[in-house]
2 protein chains.
Amino acid sequence: MRPHELTQLTALPLFSEMEEESLASLLDAALLQQFPTGVILIREGDHADFLHVLVEGLVEIFTEQNGVEWGISLVNPVSTFILAAVVSDQPYLNSARTLANSRILLIPAQRVRAIFDRDVAFARIVARELALAYRSSVKKLKGYMARSSVERLANWILAEARKDAAQGNIVVPFDRGTLASHIGTTRENLSRSLALLTDHGVRIRGREIVIDAKDQLEAFARPQRFIDDPTS
Amino acid sequence: MRPHELTQLTALPLFSEMEEESLASLLDAALLQQFPTGVILIREGDHADFLHVLVEGLVEIFTEQNGVEWGISLVNPVSTFILAAVVSDQPYLNSARTLANSRILLIPAQRVRAIFDRDVAFARIVARELALAYRSSVKKLKGYMARSSVERLANWILAEARKDAAQGNIVVPFDRGTLASHIGTTRENLSRSLALLTDHGVRIRGREIVIDAKDQLEAFARPQRFIDDPTS
DNA sequence: AAATGCGTTTGATAAATATCAAATACGCTG
DNA sequence: CAGCGTATTTGATATTTATCAAACGCATTT
């Protein structure tokens, strides 16, 4: 493992406060692997053998129903995924694939559970991570129940712009079909929704989305603290 | 606290394996309160001061958006709710109200966090509870993305029938509007959906739903392990 | 530059869902 | 049991979303 990667890992909320000994034990059993774009990492129904930590790249969590794929969440570095399956020792509810070249740390699930029992600080942080994951899932559910697909899209764009900090434009790092599956609509309707947002402060340049008038987009999207604020 | 209630509490997965001393400390600080139907227990945005344990009765978790209420989940005894807000020490994402006379145990959030740090068994179980809560939220999300409202209703009926074990008929313990908000539709369309299910092995008798042909209903609903099986 | 292939958009239509209005059913009170 | 108020269902219509088909744009190849 490269030195700066180790630094990134120890900086992860999940690992930051734990005992050195425990961290060493986790990383000792871990494998760091590189995957190209489009690789299926996890299949719905498989047993959770490894906790995954995305060190670099991009991963999507998705499910396939009747031949159609639906996006559950997008994972950015540096963060873990499928922690819940590892903690509850149950099969994965969803599949996962890389959407870019990715480096992923694989930690044996048993080891994670063992350290959990030994290191209170780690246990606390795992619980907090799970709580936050749960909350973000509930927020997504709220978005689905109360909003139209255009509104979901508008709020997704605002959320992306917020995290890029580059403010003003974002570049979607995957195709329209994938974006549609995460917004909860079809490719065709996503296209129409994007066209519609053109009247609300947004310009579409292929995969780039330029926000010309953030206030106008916000007036349309009406973001809410307990749905769209990731820190709440 | 009545003796048989104490028994119920210690039988809760959340409390079953923990040290006696820790359990005593939790219950020592706890308040057992009785609430009539329709009482708001928790308001979205409030800070999480107490872990709630529903000992008896029925509670719904819901959110209000633009004057319309949407059901997030239904809580049956004996189980906890808003554990995630307590663990992450954050404001509630949703509101909660009683849907029946209910007895609820209120445990100060600080105390829960303190015991978490002291008792590994409790910590493990809290993490598992959170993981399960997270997974059930993801399952609900999957249901929303991949199913029509009639299908959601059909699967909800099957799930209720499964847990009642009385198999064959269920009695919905609240009004149509509330049910609609949990299925993710309107009162009017819920009514039509119920009428439609009449062709698929179900009879509607006011608040009672009689399942005449479970196989027929299942053929229509097509329940899935990783959406509808609460143990997965 | 023409041809090919793939992703995306646009158009037309169908299906699902929501909304508004009215009728009906139901439970409760007097 | 009649009358009243509320909950529920039914009907008509509008809106949203999905589906199928075709056109377009764009990059790469020949």
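Within every chain, numbering begins at 1; the chains are lettered A, B, ... in the order of the sequence lines, protein sequences first and strands thereafter.
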Review point. Whole Å only: how far is the CG atom of B:Leu190 from the C1' atom of C:dA16?
Key: 15 Å
Check your understanding: How does protein contact run along nucleotides 23-29 of chain C, one letter per nucleotide 5' to 3', with B for base contact, S for sugar-phosphate only, - for none, heavy atoms under 4.0 Å?
Key -> -------
Review point. Between the side chains of A:Arg43 and A:Ser95, is a donor N or O closer than 3.5 angstrom to an acceptor N or O?
Key: no
Check your understanding: Which distance, rounded to the nearest 0.5 Å, do you find between the CG of B:Asp49 and the CG of B:Leu106?
Key -> 10.5 Å
Check your understanding: Contact class for A:Asp175 vs. all strands (heavy atom < 4.0 Å): base, sugar-phosphate, or nothing?
Key -> sugar-phosphate
Study note, to complete from the structure: chain A reaches DNA chain D, atoms under 4.0 Å from its heavy atoms, from D:dT17 to D:dC20
Review point. So which heavy atom on A:Ala127 is nearest to which on B:Leu130, and how close?
Key: O-CD1, 3.4 Å
Review point. Looking across every strand, which nucleic acid part, if any, lies under 4.0 Å from B:Ser148 by heavy atom: base, sugar-phosphate, or nothing?
Key: sugar-phosphate
Review point. So is A:Arg97 actually on top of A:Phe62's ring, under 6.0 Å and inside 45° of the axis?
Key: yes
Review point. Over how many whole Å does the gap from A:Arg187 atom CZ to C:dC6 atom P extend?
Key: 14 Å
Exercise for review: Kindly state each residue pair satisfying ring pair (Phe, Tyr, Trp, His ring centres under 6.0 Å) with at least one member in residues 184-231 of chain B, sequence neighbours excluded.
Suggested key: B:His200-B:Phe220
Review point. When the distance from CD of A:Glu188 to C1' of C:dT10 is rounded to whole Å, what number comes out?
Key: 10 Å
Review point. Please give, in whole Å, the distance from C:dT8 P to A:Leu179 CG?
Key: 10 Å
Exercise for review: For residues A:Ala221 and A:Ala154, report the shortest heavy-atom separation together with the two atoms involved.
Suggested key: CB-CB, 3.6 Å
Review point. How close or far is atom P of C:dT10 from atom CZ of A:Arg192, stated in whole angstroms?
Key: 9 Å
Point to revise | Donor-acceptor under 3.5 Å (B:Thr98 side chain, B:Pro36 main chain) | key: yes
Revision key, fill the gap. Nearest heavy-atom contact between B:Arg147 and B:Asn155 is CZ-ND2, 3.2 Å
Review point. So does B:Thr185 get a side-chain nitrogen or oxygen closer than 4.0 Å to the phosphate oxygens (OP1/OP2) of C:dA18?
Key: yes
Exercise for review: Give the rounded distance in Å between these two atoms: CG of A:Leu194 and C1' of C:dT8.
Suggested key: 11 Å
**Study point:** From B:Arg152 atom CZ to B:Asp228 atom CG, the distance as rounded to the nearest 0.5 Å
**Key:** 12.0 Å
